[in-house]
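Report on the following structure.
Reminder, nothing fancy here: chain letters follow the sequence lines and each chain counts from 1.
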Amino acid sequence: MEWDWKTIGKLLPTATEQTLHMVGLATVFTVLIGLPLGVVLYMTSRGGLWANRYVNGILGFVVNIGRSLPFIILMIAIIPFTRLVVGTSLGPSAAVVPLSVGAIPFFARLVETSLREIDRGKIDAAIVMGSSYRQIITKVLVRESLPGIIAGLTTSVIALISYSAMAGTIGGGGLGFLAKSRGYDRFQTDVMIATVVVIIIIVQLVQIIGDVLARKLNHR
Amino acid sequence: MITLSSLRKVYPVAGGEIVALDTVDLEVGRGAIFGVVGPSGAGKSTLVRCLAMLDRPTSGKIIVNDEDFTSTSARKLRRARHRIGMVFQHVNLLENRTAAKNVSYPLEIAGVPAAARQKRVAELLALVGLADRGGSYPAQLSGGQKQRVGIARALANDPDVLLCDEPTSALDPTTTAEILTLLKDLRDRLGVTIIIITHEMSVVKQVCDHVAVLEAGRIAYSGPLLDVIGDPDSGMASALLPLPAAGTPTAGRRSITVTFSSAKSPADFVSTLARRFDVDIAIEAASVEPVQGNSLGRLRLGLDHEVDPAPIVEYLQELGLWVEAA
Ligand SMILES: Nc1ncnc2c1ncn2[C@@H]1O[C@H](COP(=O)(O)OP(=O)(O)O)[C@@H](O)[C@H]1O
Ligand SMILES: [Mg+2]
């Protein structure tokens with residue numbers, strides 16, 4: 001097999017950068033919205049400090065819809081929404097919208113699951129010491145379950161990388177687009193292999209960073 | 001110091017309600033170590049959750065230091081909470097904070113500046129004998145050490161009351177004794193009022209000076225420990241000083257069980273009794289323990305069948321002993 005390093009050298013860095021751009025921004029939105037959403041899901045659940053059957057039921061329903069749709073369908077279904085937010089449905093920036101919408105409910109459930117592991121006694125102790133809800137959430141709930149939340153975020157980011165490749169094939173750009181347009185459409189196997197290697201490296205790095213961070217933060 | 005008046009807590013359940021606390025009246029004096037005992041299901045946990053204001057009582061008042069906890073606003077309640085420190089059976093430390101940071105938590109909440117916090121944390125850790133373990137995480141501490149950190153944390157804001165919910169129930173006997181000694185020492189040095197909720201009679205025996213017996217949501221008995229023990233109906237004497245079960249009764253003997261406290265009765269009553277009535281007395285079982293600087297004991301005495309027990313019982317009662325039905 002011929003290795004066309006010139007083409008790879010021209011296309012791969014741009015595609016990698018686009019993928020990192022999509023996944024990076026989507027990760028930021030996933031944390032900014034998914035973390036509070038996970039906390040609210042936990043706080044409003046039965047026996048929680050803000051126990052509310054209706055709020056919890058509605059949020060849970062919406063989150064489950066987000067989680068039950070295969071990403072490729074979700075992405076197509078929300079194209080009008082994406083156009084509304086970004087002005088276009090093409091390109092890496094536009095892909096951030098469906099990526100975030102897909103990852104937020106996923107991450108929120110993982111956050112909720114991590115919070116459930118916290119012993120109720122710790123929350124009681126925080127209340128007795130006079131903590132406000134805000135202090136309970138930041139200093140007790142989120143801090144105590146941070147290792148689990150980081151592990152959940154790692155899983156979510158890796159899912160985002162996988163979603164981003166799908167988004168790429170229908171106009172998002174990035175490594176997924178490169179693999180399809182060159183590797184599949186033009187039979188450039190060398191480009192294909194190079195893409196695969198870069199994705200594997202990115203996923204491995206994310207997993208390693210996530211593991212190290214979670215371990216560092218965990219003192220149990 | 002603490003007054004509970006007509007405290008009631010009713011839990012609604014499917015098809016009715018459960019009265020967990022039924023008009024509880026209780027007075028706890030300043031500087032007391034007050035034990036609350038009772039069988040499982042008596043309402044101990046409910047009482048402690050009401051006292052800690054984790055649950056709102058259905059009716060009645062909780063007055064701490066002249067402040068009515070039951071009618072304060074949520075905002076004031078958070079401040080009032082600094083008047084009460086709480087120690088838990090499972091300690092409930094934050095596992096991702098060091099011992100020092102755990103003790104620091106209530107100070108952070110109360111808005112104490114960082115420098116003052118650090119100084120106070122060092123004082124508190126020294127107070128509970130863990131001056132050198134501030135940097136350890138809970139997972140690196142033993143059960144007893146964790147509970148010491150829990151006690152230091154509870155004392156951080158100089159509370160008037162230390163509320164201890166089964167503080168030693170998860171600890172072995174040696175560590176239990178150490179923690180109880182620490183609590184007593186803290187009461188002596190700081191003058192803090194301590195309430196201990198427990199199902200362990202040995203805890204009451206070791207540290208409490210006052211006790212309340214909770215039964216089916218009501219205070220069945222309460223008062224100074226020796227008074228409650230001396231009340232034959234309270235069942236405290238047999239609970240605190242259990243005697244081995246009587247074997248097959250020796251032919252021709254009858255048993256009488258007596259309880260005595262060195263505060264009230266002469267310690268040598270057995271020999272006095274023998275001389276006075278000219279009888280032989282067998283000691284079938286005995287349990288004698290120091291309680292609050294007194295020697296407290298329960299004996300099962302064996303008398304010959306021929307002997308009429310009535311005047312003997314009468315004499316023992318005159319001496320201040322309590323005689324259980326034979
Ligand atoms: N949240 C609750 N809902 C319904 N019933 C309860 C609840 N908590 C306690 N109870 C009932 O109240 C009574 C007292 O319980 P509790 O205070 O836990 O007793 P203790 O701690 O002395 O074992 C029990 O009959 C128990 O079943
Ligand atoms: Mg209980």
Side-chain angles (χ1 to χ4, degrees), chain A residues 35 38-39 42-53 110-111 113-154 210-220, chain B residues 45 48-55 69 74-99 101-112 135-141 149-150 153-157 159 161-166 170:
Chain A
L35 181 59
V39 169
Y42 171 80
M43 293 287 278
T44 56
S45 63
R46 236 182 83 192
L49 293 178
W50 296 338
N52 186 316
R53 202 146 39 114
L110 293 178
V111 169
T113 307
S114 293
L115 295 177
R116 278 194 196 292
E117 308 246 309
I118 296 177
D119 190 356
R120 177 66 214 221
K122 290 195 176 73
I123 300 168
D124 283 347
I127 294 173
V128 170
M129 289 187 277
S131 314
S132 63
Y133 286 130
R134 189 201 164 105
Q135 288 163 332
I136 292 172
I137 290 169
T138 57
K139 288 173 184 273
V140 180
L141 293 176
V142 172
R143 181 57 194 94
E144 281 292 289
S145 57
L146 204 49
I149 292 176
I150 296 286
L153 184 61
T154 306
D211 286 350
V212 168
L213 212 58
R215 207 174 322 122
K216 262 206 138 77
L217 291 167
N218 189 9
H219 297 283
R220 283 212 253 181
Chain B
S45 299
V48 92
R49 291 185 68 81
C50 286
L51 275 171
M53 276 289 150
L54 284 166
D55 273 346
F69 264 37
R75 205 186 149 72
K76 276 198 182 153
L77 187 61
R78 275 184 57 205
R79 289 222 62 79
R81 284 207 152 107
H82 297 157
R83 308 279 90 235
I84 292 190
M86 186 156 173
V87 175
F88 300 85
Q89 177 176 2
H90 299 295
V91 199
N92 296 332
L93 295 177
L94 299 177
E95 278 161 301
N96 290 320
R97 280 182 174 235
T98 60
K101 287 282 180 196
N102 266 288
V103 177
S104 173
Y105 182 92
L107 300 167
E108 286 170 32
I109 296 302
V112 177
S136 304
Y137 285 91
Q140 300 163 324
L141 299 173
V149 176
R153 177 177 72 172
L155 290 171
N157 283 316
V161 182
L162 201 57
L163 189 57
C164 307
D165 183 18
E166 302 274 2

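Neither the backbone nor the side chain of B:Leu163 has a heavy atom closer than 4.5 Å to any heavy atom of chain A. Residue B:His90 does not touch chain A at all, counting heavy-atom pairs closer than 4.5 Å.
Residues A:His219 and B:Thr98 form no side-chain contact, since every pair of their non-hydrogen atoms from C-beta on lies 4.5 Å or further apart. The side-chain heavy atoms of A:Ile127 and B:Arg81, taken from C-beta on, include a pair separated by under 4.5 Å.
Put simply, of B:Met86, B:Glu95, B:Met53, the one with the most heavy-atom pairs under 4.5 Å next to chain A is B:Glu95. Here B:Glu108 is the residue among B:Gln140, B:Gln89, B:Glu108 with the most heavy-atom pairs under 4.5 Å with chain A. No other option in A:Asn218, A:Asp119, A:Asp124 has as many heavy-atom pairs under 4.5 Å with chain B as A:Asp124.
Of all heavy-atom pairs spanning B:Arg97 and A:Glu144, the tightest one is N-OE2, 4.4 Å. Among all heavy-atom pairs drawn from A:Gly130 and B:Ile109, the shortest one is O-CG2, 3.4 Å. Between B:Leu94 and A:Lys139, the shortest heavy-atom contact is CD1-O, 4.1 Å. Contact detail for A:Ala126 and B:Tyr105: the closest heavy-atom pair is CB-OH, 3.9 Å.
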Worksheet item: Between A:Met129 and B:Arg153, does a side-chain contact (heavy atoms from CB on, under 4.5 Å) hold up when you go through it step by step?
Response: CA-CA 9 Å; A:Met129 289 187 277; B:Arg153 177 177 72 172; 3.7 Å; yes

Practice prompt. Assess whether side-chain contact (heavy atoms from CB on, under 4.5 Å) is satisfied between B:Asn96 and A:Leu217, documenting all intermediate values.
Written response: CA-CA 7 Å; B:Asn96 290 320; A:Leu217 291 167; over 6 Å; no

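Residue A:Arg134 places its CZ atom among 12 or fewer non-hydrogen atoms of other residues, nucleotides or ligands, all under 6.0 Å distant.
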